[in-house]
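Shown next, in C-alpha cells, is the structure this report addresses.
Residue numbers begin at 1 in each chain, while the letters A, B, ... track the order of the sequences.
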2 protein chains.
Amino acid sequence: MSNYKTIDPEEFAEIFKALSNPNRLKIFTLLASCCIPGTVSVLDSDDTACVGDLGRELDIVKSTVSHHIKELRRVGLIRTRRDGQKILCWVDPDLVNALREFFAF
Amino acid sequence: MSNYKTIDPEEFAEIFKALSNPNRLKIFTLLASCCIPGTVSVLDSDDTACVGDLGRELDIVKSTVSHHIKELRRVGLIRTRRDGQKILCWVDPDLVNALREFFAF
DNA sequence: CTTATTGTTCGATATATGTCGAACTATAAA
DNA sequence: TTTATAGTTCGACATATATCGAACAATAAG
C-alpha cells in the first residue's frame, strides 16, 4: 500500500465522514447502483426527482435529504444538476476510482 | 456498481466512521504503509511498540492513540497482538479488500 | 396571477465524538 | 520487591452532527 503516503489525510477523512452516516451511505449506494457512472441518475425509468425519491425510499424528510446531498456534493462524491423543479444527482466516477485505489495494495 | 446492494449500510458506515477522523486515518495509513499485509506491523525495523510509536509520530497522547486503536479494531480494520509490554498492530487485508470491492464498478 | 410541487435554509435539540490528564493495569528490568 | 515502561480506562469538557419542522425560494401548471 505504498500509495497511502501520497493522499491528503484531511481531505480523505472528510470523504469518509460523508460516508459514515447510514442514511448518507444509503443515498450514495442508491445513486451508485441506479445510474451508469458519468450519466444522470434516476431511481426509476421515469426520470423522477432525486431528493424526493431518495427521501421516500429512505423514509426521511426532504430537508434532511437535502442536507445529506449537500454534504456528499461538498466532498465531491456526487454531482448535481437542476432539471426543472428537480435536482438530479449522480456519483462522481473519478472520486470513486480514487477511493478504490486508496484501498489497493 | 451492482455489488452496492449487497452490503450492510450500518456496518460499512461504522467502518467509514472509523476512517473519518484525521488522526485515526493517519494511524491506518501508517500501519498500511509500514507493513506487509497479514504480517506484524512495525514502524521501523527495530520492532518497536505500535501505540507509543504512533503517538510520537502523530504527536498525540497515548490515551488518545489507545482509544483510536480500539475503534479501528472494533470495526475490524486492524488487528492487534501483545508482545511483551507492547501491542503490535497491523491492518486486516480482508477488510481492505472488501472496501476496495465496494468502490469497484 | 394563483396554486402546486420540489428543494433549500434556518433554528432548535438531542446525541455523539475527540481530546486530554489522572489513575490504574500489565509486563519487564534491576 | 522495587522501579520503569507500555498501554488502558475513566471522567470531563468542548465541539460537531443528525434530525426534524417551519419558513422560504424556484420552477411548473392552471
Side-chain angles (χ1 to χ4, degrees), chain A residues 9-10 12-28 30-31 40-44 46-75 77-90, chain B residues 9-10 12-28 30-31 40-44 46-75 77-90:
Chain A
E10 312 292 334
F12 270 68
E14 289 270 285
I15 295 168
F16 290 131
K17 187 164 66 183
L19 297 174
S20 74
N21 175 265
N23 280 330
R24 218 152 41 211
L25 181 60
K26 287 174 191 169
I27 290 172
F28 175 78
L30 277 174
L31 292 176
V40 173
S41 159
V42 288
L43 269 184
D44 52 33
D46 297 324
D47 196 51
T48 48
C50 270
V51 173
D53 284 351
L54 293 167
R56 252 165 267 127
E57 184 77 19
L58 303 174
D59 201 36
I60 47 184
V61 299
K62 58 186 180 175
S63 61
T64 301
V65 176
S66 178
H67 171 246
H68 287 326
I69 291 284
K70 192 177 176 182
E71 190 62 17
L72 289 169
R73 194 159 60 94
R74 188 181 68 81
V75 303
L77 278 166
I78 68 171
R79 293 175 167 276
T80 62
R81 174 172 69 82
R82 177 177 281 277
D83 180 26
Q85 295 167 287
K86 304 178 179 179
I87 304 291
L88 304 181
C89 315
W90 67 96
Chain B
E10 312 291 334
F12 269 67
E14 289 270 287
I15 295 168
F16 290 131
K17 185 163 67 181
L19 297 173
S20 74
N21 175 264
N23 280 330
R24 218 150 43 211
L25 181 60
K26 287 173 190 169
I27 290 172
F28 175 79
L30 277 173
L31 293 176
V40 172
S41 160
V42 289
L43 269 185
D44 52 31
D46 298 322
D47 198 50
T48 48
C50 270
V51 174
D53 283 350
L54 292 168
R56 252 166 266 126
E57 183 78 19
L58 302 175
D59 201 36
I60 47 182
V61 300
K62 58 184 180 178
S63 61
T64 301
V65 175
S66 179
H67 172 245
H68 287 326
I69 291 286
K70 193 177 177 182
E71 190 62 16
L72 289 169
R73 195 159 59 92
R74 187 180 69 81
V75 302
L77 278 166
I78 69 171
R79 294 177 167 275
T80 63
R81 174 172 68 82
R82 175 176 283 278
D83 179 25
Q85 294 167 287
K86 305 179 180 179
I87 304 291
L88 304 181
C89 314
W90 67 95

Taking only side-chain nitrogens and oxygens of Ser66(A), does any of them come within less than 4.0 Å of OP1 or OP2 of dT8(C)? yes
Per the atom types in the model, does the base of dT27(D) pair as donor or acceptor with the side chain of Gln85(A) at under 3.5 Å? yes
For His68(B) and dT8(D), what is the distance between atoms NE2 and C1' respectively, to the nearest whole Å? 15 Å
Atom pair distance, as rounded to whole Å: NZ in Lys62(A) and C1' in dC10(C): 14 Å
At less than 4.0 Å, is any side-chain N or O atom of Lys86(A) found next to OP1 or OP2 of dT5(C)? Yes or no. no
Just how far, in rounded Å, is C1' of dT17(D) from CD1 of Ile60(A)? 14 Å
For Arg82(A) and Ser20(A), take the nucleotide of DNA chain D holding the closest heavy atom to each; which residue's nucleotide lies nearer the 5' end? Ser20(A)
Could you tell me the separation between the CG atom of Asp83(B) and the C1' atom of dT5(D), rounded to a whole number of Å? 14 Å
Which part of the nucleic acid, if any, lies within reach of His67(B) when heavy atoms closer than 4.0 Å are counted: base, sugar-phosphate only, or nothing? base
CZ of Arg74(A) versus P of dA16(D): gap in Å, rounded? 12 Å
Asn23(B) side chain N/O closer than 4.0 Å to the phosphate oxygens (OP1, OP2) of dT19(C)? yes
Roughly how far, to the nearest 0.5 Å, is CZ of Arg24(A) from NZ of Lys17(A)? 8.5 Å
OP1, OP2 of dA16(D) versus side-chain N and O of Asn21(B): anything below 4.0 Å? no
Ignoring hydrogens and angles, tell me if any N or O in the side chain of Arg56(A) forms a donor-acceptor pair with the backbone of Leu58(A) under 3.5 Å. no
Report the residue (Asp59(A) or Glu14(A)) whose heavy-atom-nearest nucleotide on DNA chain D is the more 5′ of the two. Glu14(A)
Atom CG of Leu54(A) and atom P of dT19(D): how far apart are they, to the nearest Å? 14 Å
Spacing between Leu58(B) atom CG and dG18(C) atom C1', to the nearest angstrom: 14 Å
Counting only side-chain N and O atoms of Lys70(B), is one of them less than 4.0 Å from OP1 or OP2 of dT9(D)? yes
Does the pair Glu14(B)/Arg74(B) count as a salt bridge with the N-to-O cut at 4.0 Å? yes
Short side-chain N/O contact from Arg24(A) to OP1 or OP2 of dA18(D), under 4.0 Å: yes
Does Thr64(B) make a side-chain N or O approach to OP1 or OP2 of dC20(C) shorter than 4.0 Å? yes
How long is the straight-line distance from CD1 of Ile78(B) back to CG of Leu88(B), given to the nearest 0.5 Å? 11.0 Å
So how far is it from Ser20(B) OG to Asn21(A) CG, rounded to the nearest 0.5 Å? 11.0 Å
Distance, rounded to the nearest Å, where Lys17(B) contributes NZ and dT17(C) contributes C1': 9 Å
